[in-house]
Amino acid sequence: MLVTALTEMLGIEHPVCSAGMARVAQADLAAAVSEAGGLGCLGGVSFMPDALRSEIAKIKSRTDKPFAVNLLLPDSLTTQDEERWGPVRELWGGLDPADRTKLAGVEALLTPGAVAGQVDVVLEAKPAVVVLTFGTPEWFLRECRERGIRVAALVGSVGKAREASEAGVDLIVAQGTEAGGHTGYASTMTLVPAVIDEVEPPVIAAGGVADGRGLAAALALGAAGVWMGTRFIASPEAFGHAAFKQRVLAGGFKDTTITHSYSGKRMRAFANEWTAQWEQGDKGPADFPAQYAVAGTTVETGYQDGDLRKGMMPVGQTLQLVHEITPAGDIVRATVHEAEAILTRLAPRKLSRSS
Ligand SMILES: Cc1cc2nc3c(=O)[nH]c(=O)nc-3n(C[C@H](O)[C@H](O)[C@H](O)COP(=O)(O)O)c2cc1C
């Protein structure tokens, strides 16, 4: 049994969280991880408010254990400023209606007011934890505190970790550049201890963790648990086309790239024709979130259709370590068992004295 500040704070069995991956982490995955004793996180950003409400209800119908929901609340998404939304509206409006329907996963990020609707749904549903990426607005923390919801901040730098700690979050997820999805510059091995040195709340390590070796290493760095994304793509409960999952199993270090071409922000994803075309072109991407509309259906054809040539498929460097599709609950249990065995092996043995 691995008891940490994370397991004690949330009353969960294992210090293993599944990441709130947009599209990939729907109710099936989040519920399976929480039911296995970890902390499952719903990728809340990809749902319009009504769909988000149903998805959370689905998790609650499958488990009564704590779970989390991920939201993105940067000013660029919560502002009502028409100047900010104008270009997004224009790009979105210019899309073919069929394409727009296809873009279900990013509709909420491209629709003014949808993120505010997500916030209302989440505050009403009161998950154990809300994980915020790209900012920790004070008003939201206050609302959560009033309802007894814990707030975690997912950060990729020491500066952002400090800001989140000062804002009063309960947990910090420090995500190294190995991670799939939007990612920063520092490696997990250096970022986690650097963040721990700077902040008050318990720190969870993210990026590059796929098994018990990673969990044991994260605990050795001083982390209170791990947050794993890529490993859970390769589970039957994860949403995603079989070709995407197969590519995770077959892929290696050289297959990922850092690209701004899908969202406008730095993202680690599978390298393909689309990402190469943007690397070679002279036109830079639009800002976040407008680039999603520029990228059009490519941001969905990876997950939905398994389009390996152009489709967006965020993935981390742990794809090198992932070789099989495994039920999410088994991933949680195997990770913990392996870490326990490693830590037992490394524990100092008492030397018997011979007289
Ligand atoms: C397919 C995919 C989608 C992701 N979507 C999100 C997201 O919507 N919000 C978020 O905060 N992080 C997202 N991430 C990043 C994860 O939360 C997590 O930090 C990362 O996967 C951890 O690194 P790992 O992939 O090496 O396990 C995503 C990652 C992947 C692989």
Side-chain angles (χ1 to χ4, degrees), residues 16-26 29-30 33 39-47 52 68-74 77 105-106 108-109 115 118 129-136 151-156 160 164 172-184 187-189 191-192 203-211 214-215 217-218 223 225-235 238-241 244-245 247-248 251 253 255-256 258 262-263 265-270 288-289 292 299-300 302-304 311-322 331 335:
V16 175
C17 314
S18 60
M21 296 174 280
R23 292 303 264 153
V24 172
Q26 304 194 8
L29 180 57
V33 169
L39 182 73
C41 183
L42 178 68
V45 307
S46 50
F47 295 97
L52 182 59
V69 179
N70 175 237
L71 290 180
L72 307 187
L73 301 180
L77 291 177
V106 290
L109 300 180
V115 170
Q118 291 176 336
V129 187
V130 175
V131 182
L132 294 180
T133 315
F134 304 151
T136 48
V151 178
L154 188 147
V155 300
K160 293 288 178 201
I172 291 190
V173 182
Q175 189 215 51
T177 189
E178 298 93 318
H182 291 123
T183 190
S187 68
T188 303
M189 187 78 159
L191 183 68
V192 170
V203 173
I204 302 168
V209 180
D211 53 29
L215 172 56
V226 291
W227 172 265
M228 305 197 304
T230 298
R231 179 62 189 94
F232 283 106
I233 298 174
S235 69
F239 175 87
H241 195 278
F244 173 33
K245 296 187 181 185
R247 198 165 176 210
V248 172
F253 291 134
D255 295 317
T256 81
I258 299 274
Y262 291 112
S263 72
K265 279 187 185 287
R266 258 175 81 85
M267 174 191 289
R268 187 179 293 283
F270 273 116
F288 175 88
Y292 278 127
V299 305
E300 275 296 328
Y303 302 130
Q304 283 186 30
M312 177 174 91
M313 287 174 287
V315 69
Q317 292 181 334
T318 59
L319 86 169
Q320 180 80 37
L321 301 171
V322 178
I331 295 175
T335 299

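Both ligands and their constituent atoms are indexed starting at 1 by order of listing. Atoms considered below: every heavy atom in the structure, side chains included; atoms not considered: hydrogens, waters and symmetry mates.
Remark: Lys265 NZ to Tyr292 OH distance equals 9.5 Å, nearest 0.5 Å. A distance of 6.0 Å separates CG of Leu42 from CG of Leu52, quoted to the nearest 0.5 Å. Rounded to the nearest 0.5 Å, atoms CZ (Phe253) and CD (Glu178) are 9.5 Å apart.
Residues satisfying the salt bridge (charged side-chain N to carboxylate O under 4.0 Å, His left out) criterion with Arg231, sequence neighbours excluded, are absent altogether. Residues passing the side chain to side chain donor-acceptor pair (under 3.5 Å) test with Thr133, sequence neighbours excluded: Asn70.
When hydrogens are left out, the protein atom nearest atom 31 (C) of ligand 1 is Pro314 O, 3.6 Å; that is the closest non-hydrogen contact. Ala179 CB, 3.1 Å is the protein heavy atom nearest to atom 23 (O) of ligand 1. Nearest protein heavy-atom neighbour of atom 13 (C) of ligand 1: Gly20 O, 4.2 Å. The protein atom (non-hydrogen) at minimum distance from atom 19 (O) of ligand 1 is Gln175 NE2, 2.7 Å. Looking at atom 18 (C) of ligand 1, its nearest protein heavy atom turns out to be Trp227 NE1, 3.4 Å.
Listed here is the closest heavy atom pair of Gly207 and Ala179: CA-CB, 3.7 Å. Heavy-atom minimum distance, Pro74 versus Phe288: CG-CE2, 4.3 Å. Nearest heavy-atom pair, Ala25 versus Ala19, reported as atom, atom and distance to 0.1 Å: CB-O, 3.5 Å. Between Ser18 and Trp227 the shortest heavy-atom distance is O-CZ3, 3.9 Å. Nearest approach of Gly44 to Gln118, heavy atoms of both residues: O-NE2, 3.4 Å.
Proximity of Gly43 to ligand 1 is not established, as no heavy-atom distance is less than 4.0 Å. The closest approach between any non-hydrogen atom of Arg231 and ligand 1 is not below 4.0 Å.
Heavy-atom contacts of Val45 reach the following atoms of ligand 1: 8 (O) (cutoff under 4.0 Å). Close approach of ligand 1 to Met228 (heavy-atom distance below 4.0 Å) involves ligand atoms 27 (O).
The shortest N/O to N/O separation between Asn70 and ligand 1 falls below 3.5 Å. Considering backbone and side-chain atoms alike, Tyr303 places every N or O at 3.5 Å or more from each N or O of ligand 1. Checked by distance only, ligand 1 and Ala19 stay at 3.5 Å or farther apart across all their nitrogen or oxygen atoms. Among the atoms of Thr230, some N or O lies under 3.5 angstrom from an N or O of ligand 1.
Of the options Gly214, Cys17, Ala22, Gly181, the smallest heavy-atom separation from atom 5 (N) of ligand 1 is shown by Ala22. The heavy atom nearest to atom 14 (N) of ligand 1, considering only Gly229, Gly208, Ala205, Gly180, is found in Gly180. In this structure, of Thr133, Leu132, Leu71, the residue bringing a heavy atom nearest to atom 11 (O) of ligand 1 is Thr133.
Side-chain contact of Ser46 with Arg23: a donor-acceptor pair under 3.5 Å is absent, judged by distance alone.
Of all the heavy atoms of Met21, the ones lying under 4.0 Å from any atom of ligand 1 are found in both the backbone and the side chain.
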